[in-house]
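One structure below.
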Amino acid sequence: MSYRSFEGSPPVTSLPRRADVAVVGGGVVGLCAAYELAAHGREVVVIDRGPIARGSAAGNAGLVTPSHLIPMAAPGVLSGVVRGMIRRTGPVTVRPSIDPAYLRWMVRFARNCTARAAHAGSVALRDLGFLSADLVVDWIERDGIDCDYRKLGLLYVYGDEAAFAAGRHEADTMERYGVTVERYGAAELHELEPALDEKVIGGFRCVDDAGLDPARFMSGIVSVLSGRGVAFVPHTGLMDLRTSGGAVDRLVTSRGDLVADEVVIATGAWTPRVAALLGESVPVQAGKGYSMTVAAPSQGPRNNLLIGDRWVAVNPIGDKLRMSGWLELGRLDTRPSLRRLAQIEANARSRVRLDPELTVLERWAGLRPVTPDGLPIIGRSPGWANVTYAVGHGKLGLSLGPVTGRLVAQIVCDRPTDLGLDSVSPRRFS
């Protein structure tokens with residue numbers, strides 16, 4: 001059976017009185033956790049404060065990138081973050097704040113910008129990323145999820161010599177961790193992608209990467225799980241988590257109470273507020289990202305592109321083209337900035353030939369949950385026996401959602417995990 005995406009939101013399900021597993025968060029990570037938990041025979045209810053399958057992944061670049069294994073916290077990144085704080089320009093901008101949690105996060109981030117931490121993070125992200133990429137293919141093929149999946153790799157392109165030199169160094173690093181890289185000069189690159197502007201001087205392709213329509217991928221999962229008895233309850237606020245005997249025994253929501261044996265927290269950038277209900281502190285900061293989706297232009301790229309010297313992804317998704325970029329750290333709102341979106345389009349046009357006039361289908365902004373070491377948080381709560389966190393994926397929620405779902409299901413079902421969890425454990429911040 002082939003599963004196509006649903007139109008709008010899934011049918012609203014009344015909140016059950018009890019569940020085997022309650023998944024809080026209906027974005028890509030929560031849906032992937034529900035997928036694997038259902039496959040393990042668990043009865044699952046997914047609740048979300050907003051629509052189901054409309055989280056931060058819905059408007060992202062639509063890339064599955066095992067090549068993205070260099071963590072955000074790495075040597076040399078801190079100076080870029082400081083520049084972003086001062087200039088308010090560049091791929092990462094930072095909102096100054098005296099909030100104690102924010103300042104603690106920044107101190108932890110600075111401490112992780114070392115070669116040793118970056119190496120450990122790259123090993124962890126490599127293992128997570130490649131297993132997750134395999135799971136994406138398995139799920140799509142097994143359940144016939146129609147989401148325009150294409151394994152074309154990801155083409156990094158550059159029009160600036162200094163940025164290209166830094167890009168070649170990044171490609172060398174990727175290769176050391178097992179990523180397959182193809183390198184191109186200007187002539188080869190323009191033959192491979194005729195839509196590139198003449199200013200592009202070279203680049204490389206990460207062969208293992210792929211692209212898909214993230215909204216259709218998520219809605220396909222919802223369609224699959226709806227047929228398997230998973231209950232989806234959107235527009236349901238979590239008001240409190242009641243505990244007894246070292247465990248959560250009841251979720252108090254805007255639709256009533258839900259008794260659950262297990263609770264999975266997959267609440268993205270909103271996790272600190274949810275964790276506070278349990279008296280826990282989870283170091284996640286919101287990183288606001290942007291995208292603009294247009295009807296496929298007559299002149300446009302056929303490859304998934306990352307413009308390395310303009311910090312913008314330009315990707316064909318079915319009959320659409322999506323341009324995305326930016327990370328505004330510490331911005332907990334989802335209002336699209338027309339100025340930022342205009343800059344993303346201008347940056348894309350500086351390296352890619354596009355039609356003079358584009359038909360805009362969507363302007364979008366979403367929140368990426370960023371941890372101070374650039375790794376997700378996957379594992380049991382330090383303080384509560386039946387709570388599992390699946391948060392903090394930054395820009396990699398789509399890429400790492402499936403492997404996170406697999407690991408969460410193995411944790412909840414008390415089975416051996418496919419990968420070690422020390423590097424992603426919530427306890428590493430205790």
Side-chain angles (χ1 to χ4, degrees), residues 56 59-63 65 67-68 72 77 80-81 83-94 154-168 170-171 184 186 189-190 192-206 209 211 287-317 320-329 331 335-366 368 394-395:
S56 62
N60 72 8
L63 297 173
T65 52
S67 69
H68 280 24
M72 180 177 168
V77 173
V81 170
R83 285 195 299 271
M85 184 180 297
I86 297 171
R87 300 177 186 174
R88 311 293 293 159
T89 61
V92 179
T93 57
V94 181
L154 177 59
L155 198 59
Y156 289 66
V157 300
Y158 299 86
D160 175 83
E161 279 289 357
F164 188 25
R168 289 194 295 267
E170 184 177 358
Y184 302 101
L189 200 56
H190 285 86
L192 179 66
E193 180 49 80
L196 293 176
D197 188 87
E198 61 185 10
K199 300 184 188 72
V200 172
I201 59 176
F204 58 92
R205 176 162 60 183
C206 295
D209 295 351
K288 188 175 180 180
Y290 296 89
S291 75
M292 182 168 68
T293 305
V294 301
S298 58
Q299 293 187 76
R302 60 196 184 197
N303 289 277
N304 297 315
L305 302 177
L306 199 155
I307 304 174
D309 56 343
R310 291 294 184 267
W311 320 300
V312 172
V314 182
N315 306 303
I317 301 176
K320 305 183 292 291
L321 183 74
R322 181 165 290 168
M323 295 170 279
S324 57
W326 235 284
L327 184 75
E328 293 181 332
L329 196 61
R331 295 296 300 273
R335 294 170 294 179
S337 163
L338 296 181
R339 180 174 64 88
R340 290 284 192 225
L341 291 169
Q343 187 62 58
I344 286 172
E345 181 181 353
N347 286 347
R349 287 186 180 278
S350 72
R351 298 293 181 259
V352 181
R353 296 190 182 97
L354 300 172
D355 293 349
E357 297 293 331
L358 299 172
T359 301
V360 178
L361 303 177
E362 182 183 30
R363 294 180 176 91
W364 176 92
R368 297 155 171 160
K395 298 180 180 181

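One is the number of the first residue; the rest follow in order along the sequence.
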Less than 4.5 Å apart, side chain to side chain, heavy atoms only: is that true for [X] and [Y]?
X	Y	answer
Leu63	Asn304	yes
Met292	Ile344	no
Asn303	Arg205	yes
Met72	Leu327	yes
Leu354	Leu321	yes
Pro297	Thr359	no
Val352	Val157	no

Please determine whether the number of non-hydrogen atoms from other residues, nucleotides or ligands lying under 6.0 Å from atom CZ of Arg363 exceeds 12.
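Not more than 12 within 6.0 Å, no.
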How long is the gap from [atom1] on [X] to [atom2] on [Y], to the nearest 0.5 Å?
X	Y	atom1	atom2	result
Ser56	Trp364	OG	CH2	6.0 Å
Trp311	Leu306	CH2	CG	12.5 Å
Tyr156	Leu189	OH	CG	14.0 Å
Tyr290	Leu338	OH	CG	9.5 Å
Arg368	Trp326	CZ	CH2	12.0 Å
Asp160	Ile307	CG	CD1	13.0 Å

Can you sort out the partners of [X] under side-chain hydrogen bond (donor to acceptor under 3.5 Å, both in side chains), two or more places apart, ordered by chain and number?
X	value
Asp197	Lys199
Asn60	none
Arg349	Glu345
Thr293	Arg322

State, to 0.1 Å, how close [X] and [Y] come at their nearest heavy-atom pair, and which atoms those are.
X	Y	result
Gly167	Phe204	O-CE2, 3.3 Å
Asp309	Ala163	CB-CB, 3.5 Å
Ser291	Leu341	O-CD2, 3.4 Å

>> Go through it in stages, so that I can follow the logic: the residues are His68 and Leu154, the test is side-chain contact (heavy atoms from CB on, under 4.5 Å), and I'd like the CA-CA distance, side-chain angles, deciding distance and then a yes or no.
In response: CA-CA 10 Å; His68 280 24; Leu154 177 59; 3.8 Å; yes
Does one side chain, of Asp355 or Ser298, offer a donor that lies under 3.5 Å from an acceptor on the other?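 Yes, Ser298 and Asp355 have a side-chain donor paired with an acceptor closer than 3.5 Å.
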Is any side-chain N of the basic residue among Arg340 and Glu328 closer than 4.0 Å to the acidic one's carboxylate O?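 A salt bridge links Arg340 with Glu328.
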_The criterion is side-chain contact (heavy atoms from CB on, under 4.5 Å); which residues satisfy it with Ser350, sequence neighbours excluded?_
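Scan of Ser350 (side-chain contact (heavy atoms from CB on, under 4.5 Å), adjacent residues dropped) gives Arg310.
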Please determine whether side-chain contact (heavy atoms from CB on, under 4.5 Å) holds for the pair Met323 and Asn347, giving the CA-CA distance in whole Å, both sets of side-chain angles, and the decisive distance to 0.1 Å.
CA-CA 9 Å; Met323 295 170 279; Asn347 286 347; over 6 Å; no
Quiz item: How would you list all residue pairs meeting salt bridge (Lys or Arg N to Asp or Glu O under 4.0 Å) that involve residues 287-306, not counting sequence neighbours?
Solution: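 Of all non-adjacent pairs touching residues 287-306, those that pass salt bridge (Lys or Arg N to Asp or Glu O under 4.0 Å) are Lys288-Asp333.
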